[in-house]
Participant: 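Take a look at this one; I'll ask things after.
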Amino acid sequence: MRRPAARPLALVALAGALVSTGAAAPPTVATPPKVPVAAGYGGAVASVDADASAAGIAVLRSGGNAVDAAVATAAALGVTEPYSAGIGGGGYLVYYDARTRRVHTVDGRETAPASATATLFQENGVPIPFAEGQTSGRAVGVPGTPATWRTALDAWGTRPLGQLLRPAEKLARDGFTVDATFRAQTEANQDRFKDFPDTRELFLPGGRLPVVGSTFKNPDLADTYAELARKGAGALYRGPIAEDIVNTVRKPPVDPAATRVVRSGDLTTADLRAYATKRQEPTRIRYRGLDVYGMAPSSSGGTTVGEALNILERTDVSKLSETQYLHRFIEASRISFADRGRWVGDPAAESVPTRELLSQRYADTRGCLIRPDRALTSPLAPGDPRHPVACGDTGQAAPTTYEGENTTHLTVADRWGNVVSYTLTIESTGGSAITVPGRGFLLNNELTDFSFAPAAPGVPDPNLPGPGKRPRSSMSPTIVLDDGRPVLAVGSPGGATIITTVLQTLLGHLDRGLPLVDAIAAPRASQRNQTTTELEPGLWNSPLRAELEALGQGFRQNPEIGAATGVQRLPDGRWLAAAETTRRGGGSAMVVHPHGRP
């Protein structure tokens, strides 16, 4: 969902919300026009929404740091992008600490109930239809977003959660302006939403779609934020909110007149009480003399982006023709996705060879499969990173399983040089479609990121459901350093296309010399070890497509891939924030002081 270029709310209201909690007031100025790039001093925020970016800027302007601003931005996105993110979901946060020059990560991925087995989405030995799994209590994992906020603030924040939730609470209570994208996404979910009375009442008031230009309010979410502000993030995991979540999952509140099959889930209050985020080491590779940090499993983002970059390390990508650049990008993506499918899952339940997948030695044995004159075919068999063989594979190919394409991403930098790259989600657009009654937020359908059954008979699948297990993710929040100092941070929504979006953005900027905003805006391709590669119209309608087809590449069209945001440290000390120019209505880039130092 994207908002119009300007709103009557934003910084004025957000400033007042911060003042009410005792923070120094930022200047009372109107929200600037929604723009995809901004540069200046004092810190930067890039997100998909102007009100959310404004919430982060207000925190930075009042003296908060990057972690504080990231939480405030994420909470606002839970209001204005309720179909993509919110406290009913989870995500991954990557943080660069300027004082220590270290990168840290928080795994806030949802977890399956303790009762979950490998056949969670099977009946009579057969996988249920994806749509039936998606819209069900069975798809709901324990949310990780509030716990992520608590973990990050306890470790690196300077402001209490309650203060940072005030702007989002006010935004939910006072409302935001409906735009065409919000209406279109509501319409796309109308058939699902109408079958759940609480969802219908919230998002289809009076049984009608929201009108573009009208004000959308969510007082129940405002009250829920107020409760979290008073009691802390733990209130979602113990007490009345937790009980409401469990009751909703175990007895989905379906309209008695609905004909939809909605299965119950087996989530318990014990599952919520047992939830914990994981602070773990990031993935790290060297690329062109830079250090690229990402998210380790349970996300596959860090390992898959990292392996693809390692494969391309031996090629001077900057000197390739556009056709050869795209060819090699596609092939490196194909190879790394083949390895992802075989080896990456939740390391608490699976043996994941993360270090070996990210070794340059292994990448070299896989990169030699790439030929400049002929495309590989998919599904491509994986290699064995534990016992690498030059140009070898295991001989057992498996297709890439389906993964939904919605999520949201934000990037933040502050005046001290701290940086946050944070991707959060409720999985599909609209999540499970089930709103927790009286609480104002949708529950995730994140457990559908598990394989419903092994991807191919006889091929080990590390991403089957299991008790307390985290489903594999493609979220790829990334931070790049040069000699311990930040160069840029980037990330994107888009399900499995997140990986290829982040990879292509990095290559476009670091190798092809595109300004960050242009690297984000460039037309995208996405190959995920599938028989054909997805192309956006900018490439589909280009002569490049025929040139790539002559190499044996096959394509299908995707109207829109990803919606990235990033921040970059400029040589003169300014921060640059960058977002989409047109995808999903364009993003919102803001800086604290756009016209010079304070």
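Nothing fancy with the numbering, it's 1 onward along the sequence.
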Participant: Is it true that a side-chain atom of Asn444 and a backbone atom of Gly88 form a donor plus acceptor pair closer than 3.5 Å?
Facilitator: yes
Participant: Do Val254 and Phe196 come within less than 4.5 Å of each other through their side chains, counting heavy atoms only?
Facilitator: yes
Participant: Checking Glu580 now: which residues fulfil side chain to side chain donor-acceptor pair (under 3.5 Å) with it, not counting sequence neighbours?
Facilitator: Arg524, Arg583
Participant: Please check this pair: side chain of Ser421 against backbone of Val490, looking for a donor-acceptor N/O pair closer than 3.5 Å.
Facilitator: yes
Participant: Got a sec, which residues hit ring pair (Phe, Tyr, Trp, His ring centres under 6.0 Å) with Tyr41, two or more places apart in sequence or on another chain?
Facilitator: none
Participant: Stepwise, does the side-chain contact (heavy atoms from CB on, under 4.5 Å) test hold for Val45 with Leu410?
Facilitator: CA-CA 7 Å; Val45 179; Leu410 63 96; 5.7 Å; no
Participant: Who pairs with Ser47 by side chain to side chain donor-acceptor pair (under 3.5 Å), at least two apart in sequence or on another chain?
Facilitator: Ser53
Participant: For Tyr275, which residues count as a ring pair (Phe, Tyr, Trp, His ring centres under 6.0 Å) partner, sequence neighbours excluded?
Facilitator: Tyr237
Participant: Does the His509 side chain pair with the main chain of Leu514, one donor and one acceptor, at a distance under 3.5 Å?
Facilitator: yes
Participant: Counting C-beta onward and ignoring hydrogens, is there a side-chain heavy-atom pair between Pro253 and Thr248 closer than 4.5 Å?
Facilitator: yes
Participant: Side chain of Thr177, backbone of Thr215: donor and acceptor closer than 3.5 Å?
Facilitator: no
Participant: Under the 3.5 angstrom rule, does the side chain of Ser62 hit a backbone N or O of Val59 as a donor-acceptor pair?
Facilitator: yes
Participant: Do the non-hydrogen side-chain atoms of Leu488 and Leu506 ever get within less than 4.5 Å of each other?
Facilitator: yes
Participant: Do the side-chain N and O atoms of Thr158 and Asp68 include a donor-acceptor pair separated by under 3.5 angstrom?
Facilitator: yes
Participant: Keeping the roles fixed (side chain from Asn445, backbone from Ser428), state whether a donor-acceptor pair exists under 3.5 Å.
Facilitator: yes
Participant: Given the rule in the side-chain contact (heavy atoms from CB on, under 4.5 Å) test, do Val94 and Thr478 qualify, once you have shown the distances and angles that lead to the verdict?
Facilitator: CA-CA 7 Å; Val94 180; Thr478 302; over 6 Å; no
Participant: How long is the gap from OG1 on Thr532 to CG on Asn558, to the nearest 0.5 Å?
Facilitator: 10.5 Å
Participant: Can you confirm whether Ile241 sits close enough to Leu228 that some side-chain heavy atom of one is under 4.5 Å from a side-chain heavy atom of the other?
Facilitator: yes
Participant: Quick check: closest heavy atoms across Pro146 and Ala233, and the distance to 0.1 Å?
Facilitator: O-CB, 3.3 Å
Participant: Where is the tightest heavy-atom contact between Ala39 and Leu570, given as atom of each residue plus distance?
Facilitator: CB-CD1, 4.1 Å
Participant: Can you find a pair of side-chain heavy atoms, one from Leu153 and one from Leu164, that are under 4.5 Å apart?
Facilitator: yes
Participant: Roughly how far, to the nearest 0.5 Å, is the CD1 atom of Ile434 from the OG1 atom of Thr135?
Facilitator: 7.5 Å
Participant: Could you please spell out the steps behind the side-chain contact (heavy atoms from CB on, under 4.5 Å) verdict for Trp575 and Arg569?
Facilitator: CA-CA 5 Å; Trp575 284 106; Arg569 186 71 162 178; 2.6 Å; yes
Participant: What distance separates Ile426 CD1 from Leu443 CG, expressed to the nearest 0.5 Å?
Facilitator: 8.5 Å
Participant: Taking only residues two or more places apart in sequence or in another chain, which ones pass side chain to side chain donor-acceptor pair (under 3.5 Å) with Thr425?
Facilitator: Thr407
Participant: For Arg208, is the CZ atom crowded, meaning more than 12 foreign heavy atoms sit under 6.0 Å from it?
Facilitator: no
Participant: To check you understand the geometry: which heavy-atom pair defines the closest contact between Gly508 and Ala519, and what is its length?
Facilitator: C-CB, 4.1 Å
Participant: I'd like to check the ring pair (Phe, Tyr, Trp, His ring centres under 6.0 Å) partners of Trp540; sequence neighbours left out, ordered by chain and number.
Facilitator: none
Participant: Quick check: closest heavy atoms across Ser476 and Gly301, and the distance to 0.1 Å?
Facilitator: OG-CA, 3.2 Å
Participant: If you take all heavy atoms of Thr408 and Ala85, which pair is closest and at what distance?
Facilitator: CG2-CB, 3.6 Å
Participant: Whether the side chain of Arg415 engages the backbone of Gly42 through a donor-acceptor N/O pair (distance < 3.5 Å, no angle test) should be reported.
Facilitator: no
Participant: Just distance, no hydrogens or angles: give the donor-acceptor pairs under 3.5 Å from side chains in residues 137-145, sequence neighbours left out.
Facilitator:
unit_1: Arg138; atom_1: NH1; unit_2: Leu120; atom_2: O; d: 3.2
unit_1: Thr145; atom_1: OG1; unit_2: Gly89; atom_2: O; d: 3.1
unit_1: Thr145; atom_1: OG1; unit_2: Gly90; atom_2: N; d: 3.3

Participant: Which residues pass the side chain to side chain donor-acceptor pair (under 3.5 Å) test with Thr565, sequence neighbours left out?
Facilitator: Thr411
Participant: Which heavy-atom pair separates Thr423 from Pro477 by the least distance, and what is that distance?
Facilitator: OG1-CD, 3.6 Å
Participant: Provide the full list of ring-ring contact (aromatic ring centres under 6.0 Å, His included) pairs with a residue in residues 419-442, sequence neighbours left out, each pair given once.
Facilitator: none
Participant: Check whether Thr500 reaches the backbone of Thr497 with its side chain - one donor and one acceptor, N or O, closer than 3.5 Å.
Facilitator: yes
Participant: Checking Ile245 against Leu236 for the side-chain contact (heavy atoms from CB on, under 4.5 Å) test, could you report, in this order, the C-alpha distance in whole Å, the side-chain angles of both residues, the deciding distance, and whether it holds?
Facilitator: CA-CA 9 Å; Ile245 290 172; Leu236 188 130; 3.9 Å; yes
Participant: Working to the nearest 0.5 angstrom, can you tell me the gap between Leu161 CG and Arg166 CZ?
Facilitator: 9.5 Å
Participant: For Phe193, what residues pass the ring pair (Phe, Tyr, Trp, His ring centres under 6.0 Å) criterion, not counting sequence neighbours?
Facilitator: Tyr83, Phe203
Participant: To the nearest 0.5 Å, how far apart are CG in Asp195 and CD in Gln190?
Facilitator: 11.0 Å
Participant: Per the salt bridge (Lys or Arg N to Asp or Glu O under 4.0 Å) rule, what does the pair list look like for residues 429-447, sequence neighbours excluded?
Facilitator: Arg109-Glu446, Glu227-Arg439, Asp244-Arg439
Participant: When rounded to the nearest 0.5 angstrom, what distance separates CG in Leu576 from CD in Gln568?
Facilitator: 5.5 Å
Participant: According to side chain to side chain contact (heavy atoms under 4.5 Å, CB included), who are the partners of Val517, at least two apart in sequence or on a separate chain?
Facilitator: Pro36, Val37, Ala578, Thr581
Participant: Looking at Ile561, is its backbone amide N or carbonyl O close enough to the side chain of Glu536 to form a donor-acceptor pair, meaning the two atoms are under 3.5 Å apart?
Facilitator: yes
Participant: Do the non-hydrogen side-chain atoms of Met475 and Met295 ever get within less than 4.5 Å of each other?
Facilitator: no
Participant: How about Leu516 and Thr505: do any of their side-chain heavy atoms sit closer than 4.5 Å?
Facilitator: yes
Participant: Mind checking whether Arg173 and Asp223 have side chains closer than 4.5 Å, heavy atoms only?
Facilitator: yes
Participant: Side chain of Tyr225, backbone of Ala75: donor and acceptor closer than 3.5 Å?
Facilitator: yes
